[in-house]
Amino acid sequence: MKPPEIVNATQAELDELLAKARPTFTAEQYQLLERVFGTFVYVMLSLQSAKTSIKRFRQMLFGARTEHKRNVLAELAAQTDDSAATSPSTGDTPAAAGAGPINEPAAGHGRNGAQIYEGAPVVELECPDLQPGAACPQCDAGKVYECPPRTIVKVTGQPPLVATIYKLGRLRCRLCDAVFSAEMPPALAALPKYDTACASMIAMLRYGSGMPFFRLEGLQRSMHVPVPDATQWDIVSKAIPGPRDAYDELIRQAAQAELLHNDDTPARVLSLMAARAKAEAAGIAPEAKAINTSGIVAQAQDHKIVLFFTGHAHAGKNLAQVLAHRAAQLDPPMHMCDGLSANIPAEFATVLCSCLAHGRRQFVDLVENFPKECRHVIEVLAEVYGNDARARTEKMNAAQRLTFHQAASGPPMKELQRWMQEQLDERLIEPNSEMGGALNYMLKRWGELTLFLRREGAPLDNNICERVLKRAIRHRKNSLFYRTMGGAEVGDIYMSLIHTCELDGVNPFEYLQALQARAPDVQASPSLWMPWNFKKQLAPAA
């Protein structure tokens, strides 16, 4: 294929072409053309950037691969001639250091045992012709006794929302035209058209799994039980009072936690985007440009709390709103985040922890250019993470974990700090190079990165918050945007409750139903209706 002629076009020239093309293209075709031009500009600017390597550029276009040590070092071994050489930090070969098969299948058969189906009803069937203590029908000599039952699981399917039609028979008098109609049973007549299970299911699909309202509308229509998207919004928005009270209580309890994680991801709110565009068109600087969804994970002793906040505020501002509810007599909490200043609440004192995974990522990105140095850092950190995994496996408490890390992880981390400082002091690494930047990133934050060696319960990284934010990212990719801040608030409430339930091993569908059905009780005593204790309040009613 003959290579094309390289074209250089300014932004003004591209805008002029787009303006001329708008009248001749349909709306869909024009949007496609606009995106193609936008991609062209983005690619050209990225290629012109002196800090963009081919590897980073490939990740921007196609997404980053996993950062697992096994994969990083396996790729490095395949690209270097000394792949069988001894590891600089442990003396192991790359294979022994964790560069095993990349696609090694997980152990197990992949089937779920019956104990996994905790929400399924259990039907007990007895032997119809035998009772314990009866004679054995086969040998006529022994007696039968009870033994563990054989368990069989049967799964059925149904639409997310199911409708039932009641046809009430009517009789009319031929003489006086009086009409006599059958009556609904009182229990059914008192129910609304859409019960609490409808709001819970729609909230689970939209805010728990990222399914847009219009897709659920199409799914329901194909099953001949139509529920328009506007009706879905009406259902979940009207069911919000109970969940909102529980959400406010989650904020208050999260403020008392010993450890809080936070981070941001971009969000789209059409009303905020329109206000920003209007201000810019009028030549007025908008109040704020960024629109974010902040994720906050509070880790208490017995449970975890997830909170989402969408709007102009960054994660640090939203964390400050949470900490405003903290009891004055409590010590400052530990706060885990990455190195961005926008994640730090300026109004409140915290014990700052920095994310070790973010520091490690600096070296993962440079492993092709500095293989020896990056391998050393990655393997030392792998040893530390291995120690932390052992502490979880052996179920050490916070004090035992701290003592174990001080003995097992302290010496290699101290040696790593000395080695990194030596690389810069002796000019083995140019301080202004990318590798020098990675070393300086770690050294400047060394106290925050190694808090787990000095304080009980301090985490190694912010991965739990990163995983929580993936739920908001999935919602953004599938549902694209919120129309108004009211819709964003509803989304934040439902997402917070759903993902708090998931982290605490609670069925979020049952929990949302309970909050909606008992909304007055939740408003009166919200602390009794948290995911970890709400079933105690349902028992008397049942």
Side-chain angles (χ1 to χ4, degrees), residues 46 48-60 64 67-69 72-73 75-76 87-90 261-264 314-316 334-346 350-385 387-388 405 409-455 458-463 465-466:
S46 298
Q48 292 170 9
S49 173
K51 295 184 178 180
T52 300
S53 64
I54 295 298
K55 178 181 178 182
R56 187 176 297 138
F57 183 65
R58 187 170 63 243
Q59 291 177 351
M60 286 191 297
E67 297 177 4
H68 196 287
K69 183 188 108 173
V72 173
L73 297 188
E75 292 178 359
L76 179 61
S87 167
S89 62
T90 62
H261 302 247
N262 74 332
D263 205 353
D264 278 330
H314 285 281
M334 287 184 290
H335 170 213
M336 166 57 75
C337 64
D338 57 30
L340 291 176
S341 59
N343 291 334
I344 300 174
T350 60
V351 180
L352 187 62
C353 319
S354 286
C355 178
L356 204 57
H358 278 78
R360 178 184 182 275
R361 186 170 299 128
Q362 309 282 328
F363 300 94
V364 171
D365 291 340
L366 301 175
V367 72
E368 293 179 355
N369 300 328
F370 301 88
K372 181 180 177 181
E373 294 83 356
C374 292
R375 176 190 287 274
H376 178 63
V377 176
I378 290 172
E379 290 191 345
V380 172
L381 296 182
E383 182 180 353
V384 174
Y385 272 91
N387 293 334
D388 203 56
H405 266 306
S409 303
M413 289 297 287
K414 185 177 181 180
E415 173 60 24
L416 178 62
Q417 182 188 21
R418 185 203 62 77
W419 177 86
M420 295 170 74
Q421 193 64 55
E422 180 184 2
Q423 303 302 303
L424 296 175
D425 293 344
E426 299 186 7
R427 293 286 177 166
L428 301 175
I429 295 293
E430 171 58 42
N432 293 327
S433 67
E434 289 187 322
M435 187 64 183
L439 294 174
N440 279 314
Y441 181 93
M442 294 279 286
L443 291 173
K444 288 179 180 178
R445 299 168 175 81
W446 193 258
E448 293 82 3
L449 289 169
T450 57
L451 187 66
F452 69 95
L453 296 175
R454 303 187 302 278
R455 178 136 178 183
L460 270 63
D461 52 48
N462 201 30
N463 286 353
C465 190
E466 301 283 350

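Count residues from 1 along the sequence.
Annotation: ring pair (Phe, Tyr, Trp, His ring centres under 6.0 Å) contacts of His358 (sequence neighbours excluded): none. Residues that satisfy the salt bridge (Lys or Arg N to Asp or Glu O under 4.0 Å) test with Asp388, not counting sequence neighbours, are Arg392, Arg401. With sequence neighbours excluded, no residue satisfies ring pair (Phe, Tyr, Trp, His ring centres under 6.0 Å) with Phe363. Arg454 is linked by a salt bridge (Lys or Arg N to Asp or Glu O under 4.0 Å) to nothing, counting only residues two or more places apart in sequence or in another chain. Remark: Arg418 engages Glu415, Glu422 in a salt bridge (Lys or Arg N to Asp or Glu O under 4.0 Å) (not counting sequence neighbours).
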Intermediate values then yes/no, side-chain contact (heavy atoms from CB on, under 4.5 Å), Ser354 and Leu451: CA-CA 8 Å; Ser354 286; Leu451 187 66; over 6 Å; no

List the steps and the verdict of side-chain contact (heavy atoms from CB on, under 4.5 Å) for Leu416 and Leu381. CA-CA 9 Å; Leu416 178 62; Leu381 296 182; 4.2 Å; yes

Begin with the C-alpha distance, continue with both residues' side-chain angles, and end with the deciding distance and a verdict on side-chain contact (heavy atoms from CB on, under 4.5 Å) for Asp263 and Glu466. CA-CA 7 Å; Asp263 205 353; Glu466 301 283 350; 2.9 Å; yes

With side-chain contact (heavy atoms from CB on, under 4.5 Å) as the criterion, how do Ile429 and Met420 come out once you've worked through the C-alpha distance, each side chain's angles and the decisive distance to 0.1 Å? CA-CA 9 Å; Ile429 295 293; Met420 295 170 74; over 6 Å; no

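Two residues are said to be in side-chain contact when any heavy atoms from C-beta on lie closer than 4.5 Å; Glu373 and Trp419 meet this criterion.
To the nearest 0.5 Å, atoms CD (Glu426) and CD (Gln423) are separated by 8.0 Å. Residue His335 holds its NE2 atom at 6.5 Å from CG of Leu352, rounded to the nearest 0.5 Å. Interatomic distance, Cys353 SG to His261 NE2, rounded to the nearest 0.5 Å: 8.0 Å. The distance from the CD atom of Glu430 to the CG atom of Leu424 is 9.5 Å, given to the nearest 0.5 Å. The CE atom of Met336 sits 9.5 Å away from the CZ atom of Phe452 when rounded to the nearest 0.5 Å. How far CZ of Arg360 is from CG of Asp365: 10.5 Å, rounded to the nearest 0.5 Å.
Here the closest non-hydrogen pair linking Ile344 and Leu340 is CG1-O, 4.1 Å. A pairwise comparison of heavy atoms in Ala438 and Gln362 identifies CB-CB, 3.6 Å as the closest pair.
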Ignoring hydrogens and angles, write down the donor-acceptor pairs under 3.5 Å from the side chains of residues 439-448, residues two or more places apart or on other chains.
residue : atom : partner : partner atom : Å
Asn440  : ND2  : Gly436  : O            : 3.1
Arg445  : NH1  : Tyr441  : O            : 3.3
Trp446  : NE1  : Gln417  : OE1          : 3.3

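Screening Asp338, Asn262, Asn462 against Asn343 for a side-chain hydrogen bond (donor to acceptor under 3.5 Å, both in side chains) leaves a single residue, Asp338.
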